[in-house]
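Bear in mind that the values here come from a model prediction, so they are computed numbers and not experimental data. Here is how names work: the chains are called A, B, and so on, in the same order as the sequence lines, proteins then strands, and each is numbered from 1.
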Protein chains: 2
Amino acid sequence: MTDLKNDKFKTINPERSGTTSEEVISQLREMIHSGELRPGDRLPPERDLAKLLGVSRPTLRAGIRSLAAVGVLQSRQGAGTFVVQTGGSPALDSSPLRLMASLHGFTSGEMFEARQSLEMAIAGLAAERATSEHLATLSEEIAGMFASLDDPEQFLVHDMRFHQAVAAASGNRILTSLMNMVATILFDVRRKTVNRAKDLKESAEMHRHVYRAIRQRSAEAARNAMRDHLVLAQKAQESEEANGLESASGDGANESVLSSATALPG
Amino acid sequence: MTDLKNDKFKTINPERSGTTSEEVISQLREMIHSGELRPGDRLPPERDLAKLLGVSRPTLRAGIRSLAAVGVLQSRQGAGTFVVQTGGSPALDSSPLRLMASLHGFTSGEMFEARQSLEMAIAGLAAERATSEHLATLSEEIAGMFASLDDPEQFLVHDMRFHQAVAAASGNRILTSLMNMVATILFDVRRKTVNRAKDLKESAEMHRHVYRAIRQRSAEAARNAMRDHLVLAQKAQESEEANGLESASGDGANESVLSSATALPG
DNA sequence: CTGACAGAATGGTGTGACCTTTGTCAATGA
DNA sequence: TCATTGACAAAGGTCACACCATTCTGTCAG
């Protein structure tokens with residue numbers, strides 16, 4: 001009935017270091033580390049798994065919830081609990097960073113700077129490693145930008161996909177994940193800022209500069225082009241709204257803002 | 001009795017977008033965003049808060065647990081639930097990244113590269129912004145390294161503090177947090193690798209180069225010095241153990257490996 | 001062969017109870 | 001008078017049971 005051999009799930013350790021639910025977390029985590037649980041796998045039903053681990057269902061649920069909160073597990077009512085299956089680029093949840101920002105009053109400038117640093121590093125790596133396939137994807141997205149200069153929303157999609165493609169070309173999934181964390185938060189602000197057409201054209205040009213530098217295998221040029229692009233983007237955004245991060249979570253539509261871009265093929 | 005005015009906790013929204021517990025999370029998150037909950041604050045008892053929010057205690061606990069999993073809240077049995085109070089440098093939990101690494105088979109090389117990119121960016125910023133106080137701290141730690149060439153464990157403490165101080169000098173707490181996330185994971189591997197004395201001396205010298213570059217306000221030199229240092233460190237570590245990330249969580253003593261360094265004054 | 005329906009499977013929520021740890025404070029003894 | 005100790009209360013941790021909501025699946029009618 002279950003998708004996994006039950007032998008894998010050994011009962012909980014007798015000598016618990018911390019609380020029972022922490023022990024459950026450790027147990028599940030270890031199964032992931034050891035490769036017993038792989039992305040896409042489905043866990044046994046809660047009632048069964050609780051029995052297998054020798055804990056009550058609420059305790060097991062507590063553990064599952066903790067893992068779900070950090071984006072490792074995902075529960076769907078009626079379906080089951082699964083190890084998160086990320087398509088291509090692994091995604092770290094950005095809400096922790098978002099909350100940190102609120103708690104410690106991170107400025108929007110700090111966010112931009114962090115993104116800039118990450119993207120510059122990524123662009124530099126991309127210039128060294130991009131395959132012809134990567135270059136083709138980048139080119140396509142730029143074409144898409146120019147084709148949607150009169151449709152800011154569509155433009156934004158290509159914009160995000162471009163950056164995603166650059167990240168993919170960098171070959172470093174960790175930097176990619178970190179970049180996405182930061183970018184997701186900044187995007188919450190940006191989505192309300194409908195850029196003017198002129199800005200879009202300028203932005204598309206900047207992207208093209210980045211693409212060219214990557215194509216020419218010039219890490220330094222790619223870094224500089226990316227920096228120029230982001231500096232400009234920051235200025236454009238700041239000029240349109242004087243508000244800081246506080247306005248990011250104004251209404252609903254929170255979470256997974258990059259969902260559409262995260263699922264792209266590149 | 002409670003530490004907070006109860007007026008702050010309005011009952012749960014009637015039209016729930018997702019599940020009830022998700023609504024609880026949103027509620028608490030919003031209170032943090034709006035500043036109603038600040039670091040160090042204590043939440044009302046679960047039983048009371050559940051009533052205030054109009055949900056059952058298990059549901060509330062689910063929400064609290066999710067927030068606790070991402071490092072925003074912290075529950076202590078018998079004491080209460082508190083908003084996490086980070087001393088100085090905010091800390092993002094590294095376990096999500098660690099799990100991602102296991103799930104997707106991140107290589108140790110990727111980790112090193114990510115850390116290198118982050119630290120280079122941070123070093124560059126530090127060169128532009130370090131105050132005399134920062135420089136003094138950096139100098140002290142380097143002195144500490146040279147003073148503990150025969151004590152690898154002590155050396156490691158100064159090493160970490162140095163990097164922490166550089167991060168502080170960069171003035172960007174987001175990059176600092178991200179760096180710590182990555183460094184924490186790499187540190188788990190490193191702590192078992194007791195470097196030879198010769199390596200330590202060389203390492204101390206490299207740190208000094210970084211310090212000098214920062215002192216001379218040369219961002220480029222600081223970046224390069226940091227890169228050289230980390231490249232060397234990576235080589236040294238790789239030569240001592242051929243294992244990858246898998247050996248990171250071998251036995252106990254997981255979590256909060258940087259705790260001692262996180263609480264440092266700088 | 002296809003679509004709709006019914007039932008089972010599974011996670012989500014609620015209620016109530018009890019245990020364990022922590023904190024406080026008064027009683028006690030030096 | 002002060003420090004120690006003990007008991008009591010507060011608060012989170014765990015458990016059992018019941019029921020709801022959603023999703024999947026397999027069967028049956030068309």
Side-chain angles (χ1 to χ4, degrees), chain A residues 1-4 6 9 11-28 37 40-69 71-85, chain B residues 1-4 6 9 11-28 37 40-69 71-85:
Chain A
M1 188 74 74
T2 61
D3 300 0
L4 293 164
N6 287 348
F9 300 90
T11 177
I12 219 70
N13 219 311
E15 73 286 354
R16 305 123 41 123
S17 51
T19 65
T20 308
S21 62
E22 280 175 5
E23 194 61 25
V24 171
I25 297 173
S26 298
Q27 189 85 9
L28 293 174
L37 289 179
D41 278 356
R42 176 177 142 178
L43 271 63
E46 292 183 351
R47 294 166 178 81
D48 298 355
L49 186 51
K51 245 192 163 64
L52 286 169
L53 294 179
V55 300
S56 69
R57 193 174 161 222
T59 303
L60 171 67
R61 278 180 61 78
I64 289 177
R65 183 159 280 279
S66 290
L67 261 3
V72 175
L73 297 181
Q74 184 176 11
S75 293
R76 273 159 40 210
Q77 185 174 168
T81 301
F82 303 83
V83 180
V84 159
Q85 175 80 285
Chain B
M1 189 70 75
T2 60
D3 298 2
L4 292 164
N6 287 348
F9 300 90
T11 176
I12 219 72
N13 219 310
E15 75 286 355
R16 305 124 40 127
S17 51
T19 64
T20 308
S21 62
E22 281 175 6
E23 195 60 26
V24 171
I25 297 174
S26 297
Q27 189 86 8
L28 293 174
L37 289 179
D41 277 355
R42 176 177 135 178
L43 271 62
E46 292 183 351
R47 293 166 179 81
D48 297 356
L49 186 51
K51 243 190 165 63
L52 286 169
L53 294 178
V55 300
S56 68
R57 194 173 158 224
T59 303
L60 172 68
R61 279 180 61 77
I64 290 177
R65 183 160 281 279
S66 290
L67 261 4
V72 175
L73 297 181
Q74 184 176 11
S75 293
R76 273 158 42 208
Q77 186 174 168
T81 302
F82 303 83
V83 180
V84 159
Q85 177 79 282

Please give, in whole Å, the distance from [N] [atom2] to [X] [atom1]?
{"X": "B:Glu23", "N": "C:dT13", "atom1": "CD", "atom2": "P", "value": "11 Å"}
{"X": "A:Ile64", "N": "C:dG11", "atom1": "CD1", "atom2": "C1'", "value": "9 Å"}
{"X": "B:Arg42", "N": "C:dT22", "atom1": "CZ", "atom2": "C1'", "value": "11 Å"}
{"X": "B:Leu73", "N": "D:dA11", "atom1": "CG", "atom2": "P", "value": "17 Å"}
{"X": "B:Leu60", "N": "D:dA11", "atom1": "CG", "atom2": "P", "value": "14 Å"}
{"X": "A:Lys51", "N": "D:dC17", "atom1": "NZ", "atom2": "C1'", "value": "13 Å"}
{"X": "A:Arg65", "N": "D:dG13", "atom1": "CZ", "atom2": "P", "value": "15 Å"}
{"X": "A:Gln74", "N": "C:dG12", "atom1": "CD", "atom2": "P", "value": "10 Å"}

Checking A:Arg57 now: which residues fulfil salt bridge (charged side-chain N to carboxylate O under 4.0 Å, His left out) with it, not counting sequence neighbours?
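A:Glu46.
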
In Å and rounded to the nearest 0.5 Å, what is the [atom1] to [atom2] distance from [X] to [Y]?
{"X": "B:Arg61", "Y": "A:Ser21", "atom1": "CZ", "atom2": "OG", "answer": "7.5 Å"}
{"X": "A:Leu60", "Y": "A:Lys51", "atom1": "CG", "atom2": "NZ", "answer": "12.5 Å"}
{"X": "A:Leu52", "Y": "A:Arg47", "atom1": "CG", "atom2": "CZ", "answer": "14.0 Å"}

Measuring to OP1 and OP2 of [N], would you say a side-chain N or O of [X] lies under 4.0 angstrom away?
{"X": "B:Ser21", "N": "C:dG12", "value": "no"}
{"X": "B:Ser56", "N": "C:dT15", "value": "no"}
{"X": "B:Thr81", "N": "D:dG12", "value": "yes"}
{"X": "A:Ser75", "N": "C:dG11", "value": "no"}

Residue list, side-chain contact (heavy atoms from CB on, under 4.5 Å) with A:Ser66, at least two apart or on another chain
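Expected list: A:Ile25, B:Arg65, B:Ala69.
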
Choosing from D:dC15, C:dT13, D:dG12, which nucleotide comes nearest the side chain of B:Arg61?
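Among D:dC15, C:dT13, D:dG12, the one nearest the side chain of B:Arg61 is D:dG12.
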
Taking the minimum atom-to-atom distance to the side chain of A:Pro58, which one of D:dA16, C:dG11, D:dG13 wins?
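The nucleotide sitting nearest to the side chain is D:dA16.
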
Backbone N/O of B:Val55 and side chain of B:Thr59: donor-acceptor pair under 3.5 Å:
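Not a single qualifying donor-acceptor pair exists.
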
Bend across the helix from C:dC1-D:dG30 to C:dA30-D:dT1, to 10°, with axes taken over 5 pairs at each end?
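Computed angle between terminal axes is 10°.
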
Which is true for B:Arg76 with a 4.0 Å heavy-atom rule: it touches a base, it touches only sugar-phosphate, or it touches nothing?
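Answer is sugar-phosphate: B:Arg76 comes under 4.0 Å of backbone atoms only.
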
Under 3.5 Å, which donor-acceptor pairs link side chains of residues 72-81 of chain B to any protein atom two or more places apart or in another chain?
{"from": "B:Ser75", "atom 1": "OG", "to": "B:Thr81", "atom 2": "OG1", "distance (Å)": "3.1"}

For nucleotides 18-22 of chain D, which of its nitrogen or oxygen atoms have a protein nitrogen or oxygen under 3.5 Å away, and what is each distance?
{"from": "D:dA21", "atom 1": "N3", "to": "A:Gln77", "atom 2": "OE1", "distance (Å)": "2.7"}

Stepwise side chain to side chain contact (heavy atoms under 4.5 Å, CB included) check, A:Leu43 with A:Leu37:
CA-CA 8 Å; A:Leu43 271 63; A:Leu37 289 179; 4.2 Å; yes

